[in-house]
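Note that the structure is predicted; figures quoted are calculated from it, not measured.
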Amino acid sequence: MCQKEKGDGDWLDILECEDPLCHACRLSLSRVDFHMKFHGYPLYSTYLYDDVFASMLIQYKECFDEALKHAFIYPIRWWLNIRFFGYTVCYLPSSKAKVGKRGFHHLKEMYSGLCLESLDLFEKIDDYDQRDKSKEERLKMVENIRLKQGIKVPKKILLVDDTLTTGASMLGALHALSKFDVKICIYVVSINRYWLGAHGS
């Protein structure tokens, strides 16, 4: 992220040689290790969604910097593997147009470093990108996510996303699963300040 050679003057970069980020860039991300109940389901998050994290996410998603795919969950990958052993990672759907333009599904690649099984379980009914939508328009995402046909729903699901803003997409995924007897946990890499304030963290 800083465009400098990794390991230049920092011995921690040598120890963490597999981390896609250098030690200084890793420290620039605001870590919160947040936990709350989201509509009755346990939700975990690692970073604050601030300007630094947003810039990194934009570089990955909008500038198609696929080399950053493992940078987001690298420090907590083993915690995720152990805490959610036996769960199937199910990532929220992305716009088909965006996936086609990038050449990769950003969430699928972001979580590909885990040792957990993964499943492309959801799809959008109307394939629009919510990034530039208003809060009211984003809330309509609750009704815009459904399960793909012909896919068996796992008994234990880890719902994942890159960030939690309004929560509409996550709520839409939960609504799609509401008729199934399934154990659900949620993990998002970053959390909006609103949720931190609302839950006293």
Side-chain angles (χ1 to χ4, degrees), residues 29-50 53 56-57 60-61 68-94 104-125 130 138-139 141-201:
L29 298 172
S30 300
R31 187 149 177 170
V32 292
D33 293 321
F34 182 71
H35 176 223
M36 71 172 184
K37 287 285 187 178
F38 181 80
H39 293 270
Y41 297 95
L43 180 148
Y44 303 85
S45 186
T46 304
Y47 294 106
L48 173 67
Y49 185 81
D50 57 9
F53 188 91
M56 180 175 165
L57 192 60
Y60 173 57
K61 291 172 60 175
L68 283 173
K69 64 182 181 181
H70 292 150
F72 297 90
I73 65 168
Y74 176 84
I76 46 102
R77 66 198 188 286
W78 291 114
W79 177 81
L80 288 170
N81 283 328
I82 294 169
R83 171 62 182 81
F84 299 108
F85 178 79
Y87 282 75
T88 298
V89 175
C90 295
Y91 37 88
L92 297 195
S94 188
F104 61 95
H105 191 303
H106 76 286
L107 290 177
K108 180 179 180 180
E109 295 303 315
M110 186 181 288
Y111 290 91
S112 64
L114 296 179
C115 299
L116 306 175
E117 291 187 12
S118 65
L119 184 63
D120 190 5
L121 186 60
F122 304 101
E123 65 182 1
K124 291 183 177 182
I125 298 172
Q130 66 169 331
R138 286 188 174 208
L139 289 174
M141 281 298 296
V142 174
E143 303 171 356
N144 195 44
I145 293 178
R146 66 186 175 196
L147 300 177
K148 289 185 174 180
Q149 293 185 349
I151 299 180
K152 184 178 180 181
V153 176
K155 290 295 184 182
K156 297 170 73 174
I157 289 177
L158 178 62
L159 287 177
V160 298
D161 204 352
D162 48 32
T163 191
L164 188 73
T165 48
T166 64
S169 295
M170 191 62 69
L171 192 56
L174 291 173
H175 179 72
L177 291 168
S178 60
K179 295 180 180 179
F180 294 86
D181 181 18
V182 57
K183 185 174 182 179
I184 300 172
C185 287
I186 302 167
Y187 177 78
V188 292
V189 184
S190 68
I191 195 89
N192 189 288
R193 288 185 187 275
Y194 164 79
W195 299 101
L196 296 180
H199 293 269
S201 179

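Taking the six-membered ring for Trp, Tyr187 and Tyr87 have ring centres at least 6.0 Å apart. Within the 6.0 Å centre-distance limit, the rings of Phe72 and Phe53 are counted as a close aromatic pair. Aromatic pair Tyr44/Phe38: centroids not less than 6.0 angstrom apart.
Annotation: the span from Leu171 atom CG to Ile145 atom CD1 amounts to 9.0 Å, rounded to 0.5 Å. Between the NE2 atom in His39 and the CD1 atom in Ile184 there is a gap of 12.5 Å [rounded to 0.5 Å]. The distance from atom CG of Asn81 to atom SG of Cys115, rounded to the nearest 0.5 Å, is 4.5 Å. In this structure, the separation between NZ on Lys124 and CG on Leu92 is 9.5 Å, given to the nearest 0.5 Å. In this structure, NZ on Lys183 lies 13.5 Å from NZ on Lys155, to the nearest 0.5 angstrom. In this structure, CD1 in Ile76 is found 12.5 Å from CZ in Arg83, a value given to the nearest 0.5 Å.
Across every non-hydrogen atom of Glu123 and Pro93, the tightest pair is CA-CB, 3.9 Å. Residue Ile186 comes nearest to Tyr41 through the heavy atom pair CD1-CB, 4.1 Å, listed as atom of the first residue, atom of the second, then distance. Contact between Leu164 and Ile191 at its shortest, heavy atoms only, is CD2-CD1, 3.7 Å. Met110 and Tyr60 make their closest contact through N-OH, 3.6 Å (heavy atoms, listed as atom of the first residue, atom of the second, distance). Scanning all heavy atoms of the two residues, the minimum distance from Ser118 to Tyr91 falls at CB-CE2, 4.4 Å.
Salt-bridge formation is detected for the pair Asp120/Lys148: a Lys NZ or Arg NE/NH1/NH2 atom is positioned less than 4.0 Å from an Asp or Glu carboxylate oxygen.
If you check the side chains of Ser112 and His70, you find a donor sitting under 3.5 Å from an acceptor.
With hydrogens and angles disregarded, no donor-acceptor distance shorter than 3.5 Å links the side chain of Thr88 to the backbone of Ile157. Looking at Thr163, its side chain does come within 3.5 Å of a backbone N or O of Ser190 through a donor-acceptor pair.
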Exercise. Give the C-alpha distance, both sets of side-chain angles, the deciding distance and a yes or no for side chain to side chain donor-acceptor pair (under 3.5 Å) between Asp50 and Ser30.
Key: CA-CA 8 Å; Asp50 57 9; Ser30 300; 3.0 Å; yes

